[in-house]
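Below is one structure, written out as C-alpha cells; the observations come after it.
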Amino acid sequence: MTHGKNGLLAEVHSLAEQLTWILDHPQKAKQLALYAYKSLSVHFSWKQVAQHT
C-alpha cells in the first residue's frame with residue numbers, strides 16, 4: 001500500500017485524523033478506493049493466490 005495513492009496509512013492515534021480527512025475529501029477518497037481496488041485485483045487475484053500456494 002502506498003499512502004495517499006491506494007490507501008491511507010495511520011498510527012492508532014492518528015486513525016481519527018485519517019477518517020476525518022476521508023470525510024473532508026470525498027472525491028480523493030473515491031479515487032483512493034478505486035486505486036486500492038485495482039491494486040488488490042492485481043496482487044490478490046485468484047490466479048495470484050493459486051501461484052503462491
Side-chain angles (χ1 to χ4, degrees):
M1 179 186 306
T2 303
H3 179 77
K5 181 172 181 177
N6 60 2
L8 299 173
L9 298 174
E11 300 278 334
V12 172
H13 65 276
S14 70
L15 182 57
E17 291 173 16
Q18 298 299 325
L19 292 172
T20 300
W21 184 91
I22 287 172
L23 294 172
D24 290 342
H25 301 90
Q27 284 302 110
K28 289 185 179 185
K30 192 174 187 177
Q31 186 178 29
L32 284 175
L34 178 63
Y35 286 144
Y37 178 78
K38 287 180 180 180
S39 179
L40 289 172
S41 296
V42 170
H43 298 291
F44 297 101
S45 68
W46 282 114
K47 183 178 180 180
Q48 290 291 327
V49 172
Q51 290 177 347
H52 290 94
T53 58

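One-based numbering along the sequence shown.
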Contact check, side chains of M1 and L9, non-hydrogen atoms, under 4.5 Å: yes
Quick one: does any side-chain atom of S45 pair with a main-chain N or O of Q48 as donor and acceptor, under 3.5 Å? yes
d(I22 CD1, K30 NZ) to nearest 0.5 Å is 14.5 Å
Here the gap from L15 atom CG to T20 atom OG1, rounded to the nearest 0.5 Å, amounts to 9.0 Å
Do the side chains of H3 and Q18 get nearer than 4.5 Å, heavy atoms only? yes
Heavy-atom closest pair (L32 atom, G7 atom, distance to 0.1 Å) is CD2-N, 3.6 Å
Looking only at heavy atoms, the pair that brings Y35 and K5 closest together is CD1-O, 3.0 Å
